[in-house]
Chemist: 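Can you keep this structure in mind? I'll have questions shortly.
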Amino acid sequence: MTQQLEAQTIINTDRDNVWHHLYPHQLENPADPMVIVKGEGMTVWDAKGKEYLDAVSGAVWTVNVGYGRTEIADAVRDQLVTLNYFAQTAGNVPAAQFAERLLDKMPGMGRVYYSNSGSEANEKAFKIVRQIAAKKYGGKKHKILYRERDYHGTTIGCLSATGQFERRNQYGPFTPGFVEVPHCCEYRSQWGEVDDYGMRAANEIERVILEEGPETIGALCLEPITAGGGVIEPPTGYFERVQEICKKYDVLLHIDEVVCGLGRTGTWFGYQHYGVKPDIVTMAKGVASGYAAISCTVTTEEVFQLLNSDDGDAAMDYFRDISTFGGCTAGPAAALANMDIIEREGLLENAQKQGDYLRGQLLALQDKHPIIGDVRGKGLFMGLELVTDRTTREPVHESVAIAIAGHCGANGVLIGRTNRSLQGFNNTLCLSPALIAGKNEIDRIVAAIDAALTAQR
Ligand SMILES: Cc1ncc(COP(=O)(O)O)c(C=O)c1O
């Protein structure tokens, strides 16, 4: 009884005071919010004591090594009592050590710039591109290409680079100089059935570059596998052609690894599946699995040198940017311990192995449920696109995806879904369990979806 009273008290306190993210608060008759109080491994508990298996790593593909890692907490505590903060205008021990270890996993990359959210890491990348344009191309090569269906963050700059109508709607006007290229979701081919869809979709990027004028295009920003826009793997041949195009027109390739980074797809980074050589890579969520806020903008040495050459105006020609909390030492301290865990426990290998198993189970589910139009993803990062009819591929109404996720939640399994992203296409269920997932957890996730889809019939 006391426990129940305490639970209701915290729920009331939350409901009356907190403005939740991506959450439509109902003013007349507000629902009780879900308040999560504890996590262990892949399990979380809410204030009322209900237990859930978390199939999306903290709702937004973040807690890659799972909950309750005392090793990370201890590393953060030890670091905080030694030195909690000093601006990144100077160095600190965990930041130097993590940068070295991170670059070790990223052949071809040369420097790490710290900040504290995915959006901020992307803003840094955009500023780098703009400053290179100013220094090297008289300001002309300042435009940044982004892709339809990709998301790069919540700030006005990042929304300007986001190809999702529902995330952008009502927040304009946007920053000039961002130009959209078509998406590469083969299941939703813009050109009907084509043999070499990957090549075709990549060639669209060249078309846009030529239309805009190559001398105006500074960079192309892509998610390696689109996350919130529907879990879209790049089609065969896509990235090879993208790389060629970037080279041909002297366009910097910026890969946004905020979701795929640090093991989610079974390699350290998503782009490493496709043999591409990016100029800039951004990352956040899995870097410290949510144990501390940290993001990184990683560049090649060439990019770094372009903004630090000796031959320009020394007072103005270097990267004049700062992120106050980029100097928090908790982030890199947590990131070092997070990386230790991934290496020691073989979590990249586990993500590959269990990812293959998950894909197999989802394909079996597709055989059983005609509502599953497409199964997509890589490693422990999968999406199920739901349709009313497999032949016409008519997407289900988002209320169906909401009901299915709700059914899973009521049965103790938290799954994700595309949410306020693309008009008419909020129809993909999303899975990104922690990289520690085993067969047992995957079976429970698949069984919950199976039951929810059966209930929908
Ligand atoms: C691909 C991608 N980039 C950037 C971001 C923005 O990250 P943050 O919410 O940490 O600012 C997100 C967030 O979901 C994301 O999915």
Side-chain angles (χ1 to χ4, degrees), residues 34 36 39 41-46 50-61 63 66 185 187-188 225 227-228 230-233 264-266 350-419 421 425-457:
M34 184 185 196
I36 301 292
M42 286 180 60
T43 305
V44 291
W45 288 265
D46 72 12
K50 188 170 167 64
E51 183 178 312
Y52 301 90
L53 179 67
D54 179 3
V56 266
S57 297
V60 289
W61 21 61
V63 189
C185 180
Y187 185 69
R188 294 285 168 198
I225 295 175
V231 190
I232 303 164
E233 293 165 83
R264 166 73 32 223
T265 65
N350 192 60
Q352 285 165 23
K353 182 173 154 205
Q354 299 302 337
D356 287 346
Y357 179 66
L358 175 60
R359 175 187 285 277
Q361 296 305 99
L362 295 176
L363 288 169
L365 214 54
Q366 188 181 26
D367 287 342
K368 187 169 166 192
H369 296 284
I371 192 173
I372 303 178
D374 200 22
V375 176
R376 305 192 281 262
K378 222 174 187 60
L380 284 171
F381 182 29
M382 296 298 298
L384 299 174
E385 181 164 353
L386 306 180
V387 293
T388 57
D389 179 322
R390 279 208 187 150
T391 318
T392 63
R393 301 189 178 181
E394 173 76 21
V396 298
H397 188 266
E398 71 173 302
S399 59
V400 176
I402 292 171
I404 290 165
H407 193 284
C408 290
N411 282 330
V413 176
L414 298 175
I415 67 162
R417 59 186 176 81
T418 47
N419 183 17
S421 53
F425 284 95
N426 289 306
N427 64 327
T428 300
L429 304 179
C430 304
L431 300 174
S432 60
L435 310 184
I436 54 173
K439 181 174 177 299
N440 180 31
E441 285 83 15
I442 288 173
D443 287 342
R444 282 174 58 199
I445 294 165
V446 173
I449 299 173
D450 190 9
L453 296 179
T454 304
Q456 270 295 315
R457 284 180 161 186

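Counting begins at 1 with the first residue of the sequence. We use all heavy atoms of the structure for the numbers below, so side chains are in, but hydrogens, waters and symmetry mates are not.
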Chemist: So, are R359 and E233 salt-bridged, with charged N and O less than 4.0 Å apart?
Modeler: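 Looking at R359 and E233, the cut-off is met.
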Chemist: What pair of heavy atoms forms the shortest contact from A55 to I445, and how long is it?
Modeler: CB-CD1, 3.7 Å
Chemist: To the closest 0.5 Å, what do you measure between CD1 (I36) and CG (D46)?
Modeler: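 Nearest 0.5 Å value for the CD1-CG distance: 6.0 Å.
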Chemist: Indicate the atoms forming the closest heavy-atom contact of S421 with G228, along with that distance.
Modeler: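 Between these two residues, the closest heavy atoms are OG-O, 3.6 Å.
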Chemist: When you compare the side chain of I371 with that of V400, does any pair of heavy atoms fall below 4.5 Å?
Modeler: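 V400 vs I371: side chains touch.
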Chemist: Determine whether W61 and F381 satisfy the following criterion, ring-ring contact (aromatic ring centres under 6.0 Å, His included), listing intermediate values before the conclusion.
Modeler: CA-CA 9 Å; W61 21 61; F381 182 29; 5.3 Å; yes
Chemist: Where do R457 and P370 come nearest, in terms of heavy atoms and distance?
Modeler: NH2-CD, 3.3 Å
Chemist: To the nearest 0.5 Å, tell me how far D356 CG sits from I442 CD1.
Modeler: 10.0 Å
Chemist: With side-chain contact (heavy atoms from CB on, under 4.5 Å) as the criterion, how do L414 and C408 come out once you've worked through the C-alpha distance, each side chain's angles and the decisive distance to 0.1 Å?
Modeler: CA-CA 6 Å; L414 298 175; C408 290; over 6 Å; no
Chemist: Between H369 and D450, do the side chains contain a donor N or O and an acceptor N or O under 3.5 Å apart?
Modeler: yes
Chemist: Taking atom CG of L435 and atom CG of L380, what is their separation to the nearest 0.5 Å?
Modeler: 6.0 Å
Chemist: Before giving the answer on side-chain contact (heavy atoms from CB on, under 4.5 Å), spell out for R417 and N426 the whole-Å C-alpha distance, their side-chain angles and the decisive distance to 0.1 Å.
Modeler: CA-CA 7 Å; R417 59 186 176 81; N426 289 306; 5.6 Å; no
Chemist: Are any of the side-chain heavy atoms of W45 and K50 separated by less than 4.5 Å?
Modeler: no
Chemist: Side chains of R188 and P395: closer than 4.5 Å at any heavy-atom pair?
Modeler: yes
Chemist: Would you say V446 and Y357 make side-chain contact, with heavy atoms under 4.5 Å?
Modeler: no
Chemist: Are the side chain of Q354 and the backbone N or O of A351 linked by a donor-acceptor pair below 3.5 Å?
Modeler: no
Chemist: Verify, without hydrogens or angle tests, whether R376 (side chain) and V231 (backbone) share a donor-acceptor contact under 3.5 angstrom.
Modeler: yes
Chemist: What verdict does the side-chain contact (heavy atoms from CB on, under 4.5 Å) test give for Q366 and R390, after you've listed the backbone C-alpha separation in whole Å, the side-chain angles of each residue and the deciding distance to 0.1 Å?
Modeler: CA-CA 11 Å; Q366 188 181 26; R390 279 208 187 150; 3.4 Å; yes
Chemist: With I372 as reference, evaluate L386, L363, D367, L429 under the side-chain contact (heavy atoms from CB on, under 4.5 Å) test and give the passing residue.
Modeler: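 Answer after filtering L386, L363, D367, L429: L386.
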Chemist: Carefully, step by step, assess L431 and L362 under the rule side-chain contact (heavy atoms from CB on, under 4.5 Å).
Modeler: CA-CA 11 Å; L431 300 174; L362 295 176; 4.0 Å; yes
Chemist: So, are D443 and K439 salt-bridged, with charged N and O less than 4.0 Å apart?
Modeler: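 A salt bridge is present here (some side-chain N lies under 4.0 Å from a carboxylate O).
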Chemist: Quick one: pull up CD1 in I436 and CG in N350 and give me the separation to the nearest 0.5 Å.
Modeler: 9.0 Å
Chemist: Report the distance from atom NE2 of H407 to atom OG1 of T454, rounding to the nearest 0.5 Å.
Modeler: 8.5 Å
Chemist: Does any donor atom in the side chain of R264 or S57 lie under 3.5 Å from an acceptor atom in the other side chain?
Modeler: yes
Chemist: If I take atom CG from residue L358 and atom CE from residue M382, how far apart are they, to the nearest 0.5 angstrom?
Modeler: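 If we round to the nearest 0.5 Å, L358:CG and M382:CE are 5.5 Å apart.
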Chemist: Checking side-chain polar atoms at under 3.5 Å, does Y52 have a donor or acceptor matched by the opposite partner on N411?
Modeler: no
Chemist: Are I449 and L365 side-chain neighbours, meaning at least one heavy-atom pair lies under 4.5 Å?
Modeler: yes
Chemist: Under 3.5 Å, is there a donor-acceptor pair between the side chain of K378 and the main chain of G355?
Modeler: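 The answer is no, because no donor-acceptor pair under 3.5 Å joins these two groups.
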Chemist: Between L453 and I404, what is the shortest heavy-atom contact and its length?
Modeler: CD2-CD1, 3.4 Å
Chemist: Looking only at side-chain N and O atoms, does N427 offer a donor or acceptor that is under 3.5 Å from a partner on E385?
Modeler: yes
Chemist: Testing the 3.5 Å rule here: is there a donor-acceptor pair between the side chains of T43 and D54?
Modeler: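 No pair is found: no donor N or O on one side chain lies under 3.5 Å from an acceptor on the other.
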Chemist: With the side chain counted from C-beta on, respond yes when P433 and V56 share a heavy-atom pair under 4.5 Å apart, and no when they do not.
Modeler: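 Sidechains of V56 and P433: no contact.
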